[in-house]
J.: 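Here you go, one structure.
In the text below, chain A, chain B and the rest are named by the order of the sequence lines, each starting its count at 1. Below, all heavy atoms of this structure are taken into account, side chains as well, without hydrogens, waters or symmetry copies. Since the structure is predicted, the reported quantities are computational estimates derived from the model, not experimental observations.
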Amino acid sequence: MMLDKVKRGDLIKIVSIGEAGVRENALRMGIDEGSILVCAEVIPAGPIVLRKHRQEVAIGRSLMCNIAVELLARAGEARPACINLTGEMC
Amino acid sequence: MLNMINKIIKETGLGQKKIVLVGNPNVGKSVFFHQLTGQYVDVSNYPGTTIEFCCSKLGDAFLMDTPGVYGLSSNTPEESLVRDTVLTADIVINVVDAVHLDRDFFLTCQLADMGIPMIVVLNMVDELLARGLKLNLVELKQRLGVPVVPMVATKGKGIDLLKRRLHQARPGRVSDVVDGLLLNYPGLRRGDALLILEGDPEVAARCNLAPGGEKGIIFADRRRRANEIASAVLREKTADTAFATRLGHWLIRPITGIPALLLVLWLFYELVGVFFAQIVVGYTEGLMQGCYEPWVRSLFANVIDLQSLVGVMLTGQFGLLTMAITYVLGLLFPLVLGFYLVLAVLEDSGYMPRIAILMDRLMSFLGLNGQAVIPMVLGFGCVTMALITTRLLTTERERRIATLLLALAVPCSAQLAFVTAILGSLGLGYMLLYGLIIFSLMTGVGTVLNRFMTGGSVPLLLDLPPMRFPRLDNVLRKSWTRTFSFIKEAFPVFLGGAFLLSLLSITGLMNKIEQIMEPLTISWLYLPNETASAFIMGFIRRDFGTARIMGIPMDPLQTFVALVTLTMFVPCIASTMVIFKERGWREGTAIWLLISVLAFMGGGLLSRLLSFAYGLYPAITLPLTALIILAILFVIVTISRWRRTLG
């Protein structure tokens, strides 16, 4: 699934970042393919804020369709329930 | 760029060591620089405050502060400069944020790979506890292979330890992957070779080599190492319970964030528009006009005839010692200080990037991303300063749009000072309409620019600084430094302007110019011909021109038209210089001419609109005008967006 389907509180893993420039910048800021992140906030029709440890990065709406993620756990769920949720399309 | 490096080499001399401060944005390099050298550098809690390089002596060595970067490549001109500064450094002090180690260690690992003697400063260690973290310093030193100094730069803790450890600086532990790849470039300096491997085209060209293609491998390996070191030395003890973290979330969540933003804007208005612009200025202006001016006049009356040429020049209507001094000290000084104080609090708290997130969607209509909110807000303080911060935008297209919007639609604090003073006496309705016009101008012009310039808005990718309580000493020092340099710059211009005005009015040239401009002022703008002098002064400083409006008797609608036209009019000389410097003379001239034309066109249209509305229903002239403006704005935005979706 793509990043724009993620909701606040979801635990996600980045699968791929589409654009090379963005991938490089995100990598330098600490987010790369394979990073496990929590969605800290979703601004309706606006950016998403992802948290890794104590750091927060805001990602604009137009980028979100270029970033594929794997959902590890929905908000509030105790255990990762990724098996039947992976592979959903954007 | 080469000039700068040559200059640095010249200044450092041959035997002198060059120490360079490097780190990610917003980790406290400049505070640290200030603590080390006693030299004050502009500091805020958002990335990109240090845009110029600052240099100072440290013992016999030479210390340089650099703008924050996430890595050394040539993605932006600033990054290239930082890279070249690091390549010529003898010692690198890498400042890292103790709470954000995994992010910061990417750069640390790159510096280690370059093989330059380095020392790591672990800043903001006092925040670890509140954020529920625990750090293993011994493990960190061992893994990095360089001295690590824990520090709380804002309190000066750790500075002495750093000075003692400085001579122990040494190259850090290198990645095996990089070591293997570097064998491809024997004979090159390690730093150069590494950057060529990473595909840096500028360094490769300097060494007459083709850029390498190993960036993907090296970067992935470096990110893995950075994560590994960070997770080995940092332990999460408890959840992040810091109040700042929760506050930060409330401020970006629309349901709480938008009311908070409105509240902040209202406080901003109460403090600057009411407290400073009316109460403080009322007092200082009264003091200047009631005590200072009569005193100067009586003093000079003993020496010279006040009606003589020199007497009029010094103490007359546009007197150098009366009008100029009163404007600068009685009006500008308290207002500009008020603006800078509020801006400093906004900047240091870390609220600005959160406004950027909230506004990202809206700004994309203007072809900008949320980050452009920062120069726009700063523009209401000083357009010149804001024009410089447009550099933190990533593309030429965004910088161009932001520059034009700043120059056209954003009045600076000095001009706003006079505008609030004048509109305050006209009534609330005029103030609201003025606000609406500024807003419509920004939206309208921005949307049209976005439509007609190739490319699209750059998506937001923003590292959020934590919310922090602004430090009073930094807020005061920053506002004072900025106000002082502002006044220092404005003072001679006001003196020169007053001199020019006196000269023009004594020689009768003013009447000539007013006559020549009559078609523009009287026939097109429906304004009295004296306003020509205000526009002439507006070329020098917009606030000076606006101040001139106060002295011309007009009816409220005319005053309003004159104010709006002057707001849109070309920015002050200082801003114009910055535009020319940043955008080049060709684009600068184009922007300048475009703005002059738009200003007079807009003013004339507004004048017609107001008299049309007045002709319909005199009682509701202002609401009617507002309605028509909104309707026009709606049409413009719809057409631009519609064509966009079709195209």
J.: What's the shortest heavy-atom distance between B:Ser364 and B:Asn450, and which atoms?
T.: O-ND2, 3.7 Å
J.: How far apart are the C-alpha atoms of A:Val49 and B:Ile357, what are their side-chain angles, what is the distance that settles it, and do they pass the side chain to side chain contact (heavy atoms under 4.5 Å, CB included) test?
T.: CA-CA 9 Å; A:Val49 179; B:Ile357 291 181; 4.1 Å; yes
J.: For chain A, which candidate among B:Arg253, B:Arg361, B:Arg131 shows the most heavy-atom pairs at distances under 4.5 Å?
T.: B:Arg253
J.: Heavy-atom cut-off 4.5 Å, strictly under: side chain, backbone, both or neither for A:Arg23 against chain B?
T.: neither
J.: Check whether any side-chain heavy atom of A:Glu70 sits under 4.5 Å from a side-chain heavy atom of A:Met1, and report yes or no.
T.: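 No; the side chains remain at least 4.5 Å from each other.
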J.: Measuring heavy-atom distances to chain A, does B:His249 have an atom under 4.5 Å in its side chain, in its backbone, in both, or in neither?
T.: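 Both parts, backbone and side chain.
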J.: For A:Val22, which atoms come within 4.5 Å of any heavy atom of chain B: side chain, backbone, both, or neither?
T.: both
J.: At what distance, to the nearest 0.5 angstrom, does CG of B:Asp104 lie from SG of B:Cys109?
T.: 11.0 Å
J.: With a 4.5 angstrom heavy-atom cut-off, which part of A:Glu24 approaches chain B: side chain, backbone, both or neither?
T.: side chain
J.: Can you tell me which portion of A:Gln55 sits under 4.5 Å from chain B's heavy atoms? Options are side chain, backbone, both or neither.
T.: both
J.: Got a sec: does the CD1 of B:Ile255 have more than 12 other heavy atoms crowding it under 6.0 Å?
T.: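 Check fails, neighbour count at 12 or below.
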J.: Can you tell which part of B:Asn227 gets under 4.5 Å to a heavy atom of chain A, answering side chain, backbone, both or neither?
T.: side chain
